[in-house]
Amino acid sequence: MQIGEFIRETYYPDPDEEPETVPTPDEEPEPVAACAS
Amino acid sequence: MRVLETLKPRLLLAAHRWEGPAPVGIRSWQLSISDGLLYPFTRMMRVLQPDPWKTTVAVASCARGDRPPCLGHPCGLYAVRPGAWDGISFVPDVSVFASVIVVGVVSLFGRVIEHKDGWRAERARIREVWVPVNAEVCFDAYPGVTFHRV
């Protein structure tokens, strides 16, 4: 997929989670196995 | 492009609806009729990817074992910037759309690499998906996602 040139890298919290909430390992979804998805 | 043209205003409205600090992008998947799961799909890739997004929130992986998305390596969960699709060849046309290629809106979070026409993200939350009206599929895998029939 062509999404153009790099601009910047940023970290964003989950927009549906409370800011202070940190997911526990048990809550982590399974990663998508394909590299570029 | 006729079907997508009719969807553009709805996709833009949906992207606006989910606007927030985290980027909101548009992307496509192949919706499997057999298992009701969304598989990554882009016309640029030419082949369907083997691994579906199994839940409402997808998490990227990297074959190199690094934390995705990597700089200098094309891993991550992709989405295009709303309104930037005219220059992006991944946008599905009528023929692929008719074969249950679907489009939708996602929020991107975690590590996110911004590009001129879209993003690569560590995580993506599926918000809304537009599905052909004749696709008889159960969407139980994606709680919280709104599926529109078109």
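These values consider heavy atoms only, across backbone and side chains, with no hydrogens, waters or symmetry-generated copies. Below, chain A is the first sequence line, B the second, and so on; all start at residue 1.
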Where does B/Arg64 contact chain A at under 4.5 Å (heavy atoms): side chain, backbone, both or neither? neither

Looking at B/Ser107, B/Ala58, B/Pro21, B/Gly20, which makes the most heavy-atom pairs under 4.5 Å with chain A? B/Pro21

B/Arg67 to A/Tyr11 - nearest heavy-atom pair and separation: NH2-CE1, 3.8 Å

Any chance you could measure B/Glu122, atom CD, to A/Tyr12, atom OH, to the nearest 0.5 Å? 13.5 Å

Return the CH2 to CD distance between B/Trp119 and A/Glu9, rounded to the nearest 0.5 Å. 15.5 Å

Tell me whether A/Phe6 shares a hydrophobic cluster with B/Val80, the cluster being built from Ile, Leu, Val, Met, Phe, Trp, Tyr side chains joined at under 4.5 Å. no

Among the listed options B/Pro68, B/Cys70, B/Pro23, the residue most often paired with chain A at heavy-atom distances under 4.5 Å: B/Pro23

Take atom NE2 in B/His16; do more than 12 heavy atoms of anything else shown fall under 6.0 Å from it? no

Between A/Pro15 and B/Arg127, which heavy-atom pair has the shortest distance, and what is it? CG-NH2, 3.5 Å

Residue part contacting chain A, namely of B/Leu71, when any heavy atom lies under 4.5 Å: side chain

Structural part of B/Arg125 lying under 4.5 Å from a heavy atom of chain A: side chain

Step by step, work out the salt bridge (charged side-chain N to carboxylate O under 4.0 Å, His left out) result for B/Arg123 and A/Asp14. CA-CA 9 Å; B/Arg123 292 162 190 258; A/Asp14 185 343; over 6 Å; no

What do the steps show when you test B/Tyr78 against A/Ile3 for side-chain contact (heavy atoms from CB on, under 4.5 Å), and what is the final call? CA-CA 8 Å; B/Tyr78 282 65; A/Ile3 52 177; 3.8 Å; yes

Do B/Leu13 and B/Ile26 share a hydrophobic cluster, counting only Ile, Leu, Val, Met, Phe, Trp and Tyr and linking them when any side-chain heavy atoms are less than 4.5 Å apart? no

What part of B/Ala60 is in contact with chain A, defined as an atom under 4.5 angstrom from a non-hydrogen atom: side chain, backbone, both or neither? backbone

Going through the distances and angles, do A/Glu5 and B/Lys116 end up as a salt bridge (charged side-chain N to carboxylate O under 4.0 Å, His left out)? CA-CA 5 Å; A/Glu5 62 265 30; B/Lys116 176 177 176 290; 5.6 Å; no

Once you round to the nearest 0.5 Å, how far does CD1 of A/Ile7 lie from CD1 of B/Ile113? 11.5 Å

